[in-house]
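Everything on this sheet refers to the single structure shown next.
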Amino acid sequence: MTKCPPNPVLLLFLFFRIFFVRAQNSTIPINVGVVLDLDTQFGKIGLSCINMALSDFYASHSNYTTRLVLHTRDSARDVVVAADAATSPSLRGSYFFRIAQNDSSQVRAIGALIQAFGWREAVPISIDNEFGEGTLTPYLTTALQEVGAGIPYWSLIPSKATDDQIIEELHRLMSMRTRVFIVHMSPSLGSRFFAKARDIGMMEEGNVWITTNGMTNSFSSSSSSVDIDNMQGVLGIKTNVPNTKELENFRARWQTKFQQDNPTILNVKLDVFGLWAYDAAWALALSVEKAGGTNFSFQKMNSSHNSTDLGSLEVSQGGPELVRELSGTRFRGLSGDFSLINGQLQSSTFQVVNVNDNGERGIGYWTPQNGLVRNINSNRNTNRYSTSIASLGPIIWPGDTILATRGWQIRTNGTLKVLVPLKQRFEEFVSVVYDPSTNTAKVNGGYCIEVFDAVIKALPYPVPCEFYPFANPNGQSAGSYNDLINQVFLGNYDAAVGDITIRANRSLYVDFTLPFTESGISMVVPLKGNDGGKNTWVFLKPLTWDLWVTIGCFFIFIGFVVWFLEHRINEDFRGPPHHQIGTSFWFAFSTMVFAHREQVVSNLGRFVVIIWCFVVLVLTQSYTASLSSILTIQQLQPIVTDVNLLLKNGDNVGYQEGSFIYGILSKLGFKDDKLRTYNSAEELDKLLQNRNENGGISAAFDETPYMKLFLATYCLKYTLVEPTFKAEGFAFVFQKGSLLTCDVSTAITQVQEGDEMKAIEDKWFKKTGSCSNPNTASSYNTLSLESFWGLFIVAGVASSLALLIFAAMFLYEHSHILTCVDSKASFWTRIRQVQRAYDQQDKTWHAYKKSRKEDGVHGIAAVEYSPTPNCLCLRRPSRSSKPNQIEPEIVLEEQQGTTSTQHSDLNPNAIELTSIT
């Protein structure tokens with residue numbers, strides 16, 4: 001017989017064999033076989049719970065006609081004996097009910113924990129038997145893959161492993177980079193395993209241990225062999241049992257009953273396995289009662305000659321009915337909601353506990369609907385699935401720390417070995433100093449080094465680093481950039497930092513982070529000025545044609561408005577027609593340079609001129625600025641902007657020595673005799689100065705960061721043509737599959753979004769003086785009508801308003817011309833009379849009046865024509881010295897050769913009549 005250590009999960013597979021015996025009394029006894037390890041505390045707890053379940057059930061259902069009668073069998077810790085005493089393996093498919101949780105039901109809860117802390121790898125450790133591998137392995141692999149975590153290694157511990165075997169496996173785990181371990185073992189073997197892990201230092205800070213419910217459910221039981229002292233900081237997934245009044249009452253009754261039956265066992269505690277045994281017995285009693293009229297007689301199974309004793313058993317005729325009733329049984333048990341689906345107990349809620357001090361401490365729960373939650377009742381009505389650390393309570397990790405570990409280690413000593421290229425050009429990116437006295441090279445900073453330091457500091461965990469120059473003892477470079485990357489691929493270094501470009505062939509061997517510089521390959525070319533012929537009409541370029549036309553139209557319009565407002569009162573705007581037209585145009589266009597000499601005397605005219613001068617000021621200033629920009633940009637035109645033109649002309653081009661740019665230029669069609677190399681910014685400047693004719697180059701190709709650095713010094717002589725080809729930019733290099741790659745990429749984004757990246761760039765690339773802003777070949781923007789449309793609207797509205805006001809005032813003053821009573825005069829005749837009146841000089845204007853007053857001329861009357869020859873209207877000027885004195889009007893009417901005078905009270909000596917034919 002094969003002896004096995006007690007296994008709580010297997011021992012709680014309750015196999016019931018029902019025997020029917022017809023009694024003469026009113027109840028029907030149903031014989032039930034119970035197989036347990038009766039010599040263990042675990043078996044005693046299970047049997048005690050089953051007995052109390054039947055006692056409680058029939059006490060509350062005394063009217064039921066069936067009674068379960070238990071027949072107990074001791075398995076003596078032997079799986080084969082237990083199976084032989086219970087049932088046949090051939091009946092397992094339809095008659096087997098597992099009143100315990102399936103191991104696979106907890107893997108999603110474990111996956112949620114892995115996702116919450118961002119761990120990307122975990123190593124499962126399980127017992128090497130059906131319990132360890134049968135149900136957990138495929139489900140756990142799938143659950144971790146769903147949250148983006150991998151399993152680099154699966155550790156199997158023999159069920160009868162010695163201490164030396166356990167220690168050997170622990171040392172193997174210690175040598176790995178992954179520090180997250182998932183333990184799926186029986187309590188007895190798990191206790192030994194954690195004891196040895198503590199002895200070799202694997203329960204210190206930096207390690208993460210997660211136990212499945214196979215061990216965690218036994219933490220609170222005194223019958224468990226688990227030593228909590230060896231598991232400080234461990235996280236555990238535990239079956240959640242709702243705390244109810246019924247459960248508390250049962251715990252107290254069970255404690256008393258168990259102590260009476262087992263006086264030698266002290267301080268025993270009820271665990272979830274006992275509750276499952278209680279609910280299982282209750283469910284069986286309820287199902288048997290429902291199937292009470294079923295025939296429970298037995299029929300012998302048909303067996304072959306090769307069948308074993310396990311197969312030569314009798315089968316109950318009422319089995320199918322009992323299976324049907326048991327599968328449909330639903331009730332609220334001590335362990336929670338009881339239901340069986342496909343012969344399996346359904347329980348989907350788990351508690352997350354943290355082992356500290358002398359026991360466990362609950363830090364949260366996991367449910368299929370809400371994921372991780374702090375309180376089981378707080379998120380019950382929400383549909384949000386959480387995998388956030390904030391959903392858990394405070395955790396004390398191994399090593400008595402509250403800081404969550406990153407879940408992996410870089411190296412055994414915890415220091416990142418970083419390889420740095422040795423550069424003899426563009427040392428602003430990476431600077432390595434060689435000490436001849438010690439024959440050693442030392443990294444001395446640089447743009448790439450400072451960016452890497454800033455990124456490492458932005459990580460949520462510390463990463464100590466050591467930089468190693470890629471140099472020979474003589475201070476020379478140890479190889480190309482591909483050789484440097486190969487050192488990382490071989491595992492000699494953990495990372496490489498420098499001006500290393502992301503390339504497809506390199507990514508086959510190493511991992512690149514996100515680029516920390518702008519990408520692209522640019523072309524630098526010398527500047528040249530435009531030919532004189534092309535500058536002939538440059539003065540027209542600042543403005544678009546529609547803006548030029550609009551400005552011209554407004555000059556004409558403003559000239560007309562000013563003439564219209566000044567014509568009657570200003571001598572400068574009177575005279576022959578051609579003189580008036582010339583004066584109007586002269587006045588309007590001279591405002592362009594503010595050179596108008598004519599004096600504007602009317603208030604409305606002054607209002608229009610002031611607004612127009614403001615518009616002209618804005619236009620001239622904008623024009624000047626735009627023209628200056630155009631003339632400046634024309635001096636910064638590159639000699640060539642097209643690669644195809646370089647090929648067509650057979651020009652020489654340059655590239656940085658040892659750069660991958662050579663391959664790109666060769667693919668474009670440049671022959672080797674047309675390619676020149678340079679090793680420094682000074683060499684590049686010399687090649688570009690010599691030009692193609694003197695053995696130099698017409699253009700240089702390199703990655704944009706190099707060209708920006710070059711132009712920071714030589715911006716007045718060369719210009720940058722925008723990226724001609726695609727390139728991914730500079731990035732940091734890590735070993736293939738490194739867990740740092742993703743975190744560093746995230747940190748790069750954080751640094752780029754802050755101010756620190758700009759400060760680093762300014763420190764290494766920004767130059768002072770005339771080259772503070774490296775130029776690039778660009779185009780200018782011509783000013784359009786849309787830019788000044790608002791100004792023209794203001795000027796147009798103001799001018800039109802002034803015209804309307806003047807016209808209204810003039811027509812009001814001369815309304816008598818239009819309203820003179822003469823039915824024979826036509827409307828157009830009266831309009832012509834108004835036009836004639838407008839063309840006459842206004843003698844009443846205060847400026848003119850003042851000049852006439854100085855000459856001693858007084859008593860001038862305004863004479864206006866009636867539209868008809870028989871009507872002459874005269875109006876005395878309002879020049880009375882007395883306020884509010886109304887001057888009388890004299891109307892002379894010629895009727896039959898005589899003239900009559902009205903308002904005879906007027907003084908005829910104060911009136912001067914002028915006859916106008």
Rounded to the nearest 0.5 Å, what's the gap from [atom1] on [X] to [atom2] on [Y]? Could you check?
X: Ser388; Y: Leu372; atom1: OG; atom2: CG; value: 8.5 Å
X: Arg324; Y: Ser327; atom1: CZ; atom2: OG; value: 9.0 Å
X: Arg332; Y: Leu334; atom1: CZ; atom2: CG; value: 10.0 Å
X: Leu189; Y: Ile127; atom1: CG; atom2: CD1; value: 5.0 Å
X: Lys196; Y: Ser191; atom1: NZ; atom2: OG; value: 10.5 Å
X: Asn31; Y: Leu70; atom1: CG; atom2: CG; value: 9.5 Å

- Item | For Ala285, all residues meeting side-chain contact (heavy atoms from CB on, under 4.5 Å), sequence neighbours excluded |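 side-chain contact (heavy atoms from CB on, under 4.5 Å) list for Ala285, sorted by chain: Leu54, Phe57, Tyr58, Leu68.
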- Between Tyr64 and His61, how do the two ring planes meet: parallel, tilted or perpendicular, split at 30° and 60°?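 Tilted, since the angle between the ring planes falls between 30° and 60°.
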- Query: Parallel under 30°, tilted from 30 to 60°, perpendicular over 60°: which one fits the rings of Trp366 and Phe350?
  - Reply: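 Tilted, since the angle between the ring planes falls between 30° and 60°.
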Quick one: closest heavy-atom pair of [X] and [Y], and the distance?
X: Glu289; Y: Thr66; value: OE1-OG1, 2.5 Å
X: Ala122; Y: Ile182; value: CB-CD1, 4.0 Å
X: Ser335; Y: Pro242; value: O-CD, 3.7 Å
X: Ser155; Y: Leu173; value: CB-CD2, 4.2 Å
X: Phe250; Y: Met52; value: CE1-CE, 3.7 Å

Within the side chain of [X], is there an N or O that forms a donor-acceptor pair under 3.5 Å with the backbone of [Y]?
X: Glu360; Y: Asn356; result: no
X: Gln106; Y: Thr239; result: no
X: Gln41; Y: Val268; result: no
X: Arg406; Y: Tyr461; result: no
X: Glu169; Y: Ile166; result: no
X: Gln259; Y: Asn267; result: no
X: Asn354; Y: Leu235; result: no
X: Thr40; Y: Asp37; result: yes

- Pair Asp271-Lys238, salt bridge (Lys or Arg N to Asp or Glu O under 4.0 Å): steps then yes or no: CA-CA 11 Å; Asp271 56 21; Lys238 182 179 182 180; over 6 Å; no
- Just grab all the salt bridge (Lys or Arg N to Asp or Glu O under 4.0 Å) pairs involving residues 43-65, residues at least two apart or on different chains.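 Residue pairs with at least one partner in residues 43-65: Asp56-Arg253.
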- Scan for salt bridge (Lys or Arg N to Asp or Glu O under 4.0 Å) pairs involving residues 198-210, sequence neighbours excluded, and state none if there are none.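 Every pair satisfying salt bridge (Lys or Arg N to Asp or Glu O under 4.0 Å) with a residue in residues 198-210: there are none.
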- Task: Can you run down the side-chain hydrogen bond (donor to acceptor under 3.5 Å, both in side chains) pairs that involve residues 390-403, sequence neighbours left out, and say none if there aren't any?
- Result: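 Every side-chain hydrogen bond (donor to acceptor under 3.5 Å, both in side chains) pair that includes a residue of residues 390-403, provided the two are not neighbours, is Ser386-Ser391.
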- Message: Test side-chain contact (heavy atoms from CB on, under 4.5 Å) on Tyr278 and Leu247; report intermediate values, then the result.
- Response: CA-CA 11 Å; Tyr278 183 97; Leu247 177 59; over 6 Å; no
- Query: Does the pair Glu321/Lys290 count as a salt bridge with the N-to-O cut at 4.0 Å?
  - Reply: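 So Glu321 does not pair with Lys290 through a salt bridge.
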- So does Lys160 pair up with Asp128, basic N to acidic O under 4.0 Å?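 Salt bridge between Lys160 and Asp128, a charged N being under 4.0 Å from a carboxylate O: no.
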[X] and [Y]: side-chain donor and acceptor closer than 3.5 Å?
X: Tyr365; Y: Asn370; value: no
X: Asn129; Y: Ser159; value: no
X: His184; Y: Ser126; value: no
X: Gln351; Y: Asn240; value: no
X: Ser287; Y: Glu325; value: no

- Step by step, would you call Ile99 with Leu340 a side-chain contact (heavy atoms from CB on, under 4.5 Å)? CA-CA 8 Å; Ile99 315 301; Leu340 297 173; 3.7 Å; yes
- Using the side-chain contact (heavy atoms from CB on, under 4.5 Å) rule, take Leu322 and Val288 through it: C-alpha gap first, then chi angles, then the decisive distance, then the call. CA-CA 7 Å; Leu322 182 58; Val288 167; 3.8 Å; yes
- Item | Pairing residues for Phe258 by the ring pair (Phe, Tyr, Trp, His ring centres under 6.0 Å) criterion, not counting sequence neighbours |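 If we apply the ring pair (Phe, Tyr, Trp, His ring centres under 6.0 Å) test to Phe258, skipping adjacent residues, the hits are Trp254.
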- Query: In chain order, what residues pass the side chain to side chain donor-acceptor pair (under 3.5 Å) check against Asn207, with sequence neighbours excluded?
  - Reply: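 With sequence neighbours excluded, Asn207 shows a side chain to side chain donor-acceptor pair (under 3.5 Å) to Arg179, given in chain and number order.
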- Query: Between Trp209 and Phe194, is the ring centre distance below 6.0 Å?
  - Reply: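 They qualify: ring centres under 6.0 Å apart.
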- Message: Thr212 vs Ile110, test: side-chain contact (heavy atoms from CB on, under 4.5 Å). Steps then yes/no.
- Response: CA-CA 8 Å; Thr212 62; Ile110 297 175; 4.0 Å; yes
